[in-house]
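This report refers to the structure that appears directly beneath it.
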Amino acid sequence: DSGVTQTPKHLITATGQRVTLRCSPRSGDLSVYWYQQSLDQGLQFLIQYYNGEERAKGNILERFSAQQFPDLHSELNLSSLELGDSALYFCASSADNTEAFFGQGTRLTVV
Amino acid sequence: AQKVTQAQTEISVVEKEDVTLDCVYETRDTTYYLFWYKQPPSGELVFLIRRNSFDEQNEISGRYSWNFQKSTSSFNFTITASQVVDSAVYFCALTGAASKLTFGTGTRLQVTL
């Protein structure tokens with residue numbers, strides 16, 4: 001158990017819909033990262049938050065947004081969903097400049 | 001830009017064989033960190049090791065060992081006496097001045113009896 005909790009584990013939704021993925025980092029970790037794993041793109045970095053502030057942005061679509069709350073949990077919002085957004089979404093957390101520990105992922109299926 | 005190359009897409013071995021997974025990286029950062037993660041069939045990403053760019057000492061942990069060679073920009077991972085439970089996809093990753101991870105495409109290891 002990595003100590004990073006992601007909910008839900010599975011999500012099936014229709015095109016055009018909006019979903020929210022939730023992540024609770026390991027106790028004490030201030031950094032939260034979101035990654036997307038798809039068959040064609042592999043593991044791609046989406047965005048990082050550190051202590052509530054956005055720190056780095058990767059290949060995140062404009063239809064996607066994230067935030068980190070005062071209690072350090074984070075949410076990734078995906079809107080106007082397309083079939084191609086189907087993927088495994090991982091949250092990871094770390095103390096600064098150390099290894100990142102990953103949650104079990106949320107498998108999103110858009111139908 | 002950073003890049004991680006795992007040229008081996010899939011490797012199949014018979015249990016008890018030794019197997020080496022290759023990883024080659026590119027970075028312009030002088031300080032960077034290299035990682036290996038394991039993704040078993042259940043899907044989670046399991047952290048295995050972190051190495052910083054100033055520490056070229058090889059590391060051994062049980063049946064796992066890692067060979068970091070800065071001269072060839074490689075960070076290879078060897079499993080000795082492989083077991084069926086080692087079957088997974090293994091990812092090499094790199095982080096530099098920014099703390100986001102750049103992953104390789106992964107190597108799928110299949111260990112059979």
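Quick note: numbers below take in every heavy atom, side chains included, and nothing from hydrogens, waters or symmetry partners. Just so we're on the same page: letters track the sequence lines, and every chain starts at 1.
- Just one residue in the list B/D18, B/N67, B/T20 forms a side chain to side chain donor-acceptor pair (under 3.5 Å) with B/T78, and that residue is B/T20.
- When heavy atoms are compared at a cutoff of 4.5 Å, A/Q6 does not approach chain B at all.
- A donor atom on one side chain and an acceptor atom on the other are not found under 3.5 Å apart for A/Q68 and A/E54.
- Considering CD of B/E15 and CG of B/L113, their distance stands at 5.0 Å, rounded to 0.5 Å.
- By the neighbour-count criterion of 12 heavy atoms within 6.0 Å, atom CZ of B/R108 is sparsely surrounded, having that number or fewer from other residues, nucleotides or ligands.
- Looking at A/L43, both its backbone and its side chain come within 4.5 Å of chain B, counting heavy atoms on both sides.
- Note: A/A100 leads A/G105, A/A100, A/G103 in heavy-atom pairs under 4.5 Å with chain B.
- Ranked by heavy-atom pairs shorter than 4.5 Å toward chain A, the options B/L101, B/N52, B/T105, B/I49 are led by B/L101.
- Within the 4.5 angstrom heavy-atom criterion, no atom of A/A56 approaches chain B.
- With chain A as partner, the option from B/Y37, B/F35, B/F91 having the largest number of non-hydrogen pairs under 4.5 angstrom is B/Y37.
- For the pair A/R55 and A/Y50, the cation-pi test (distance below 6.0 Å, angle within 45°) is passed.
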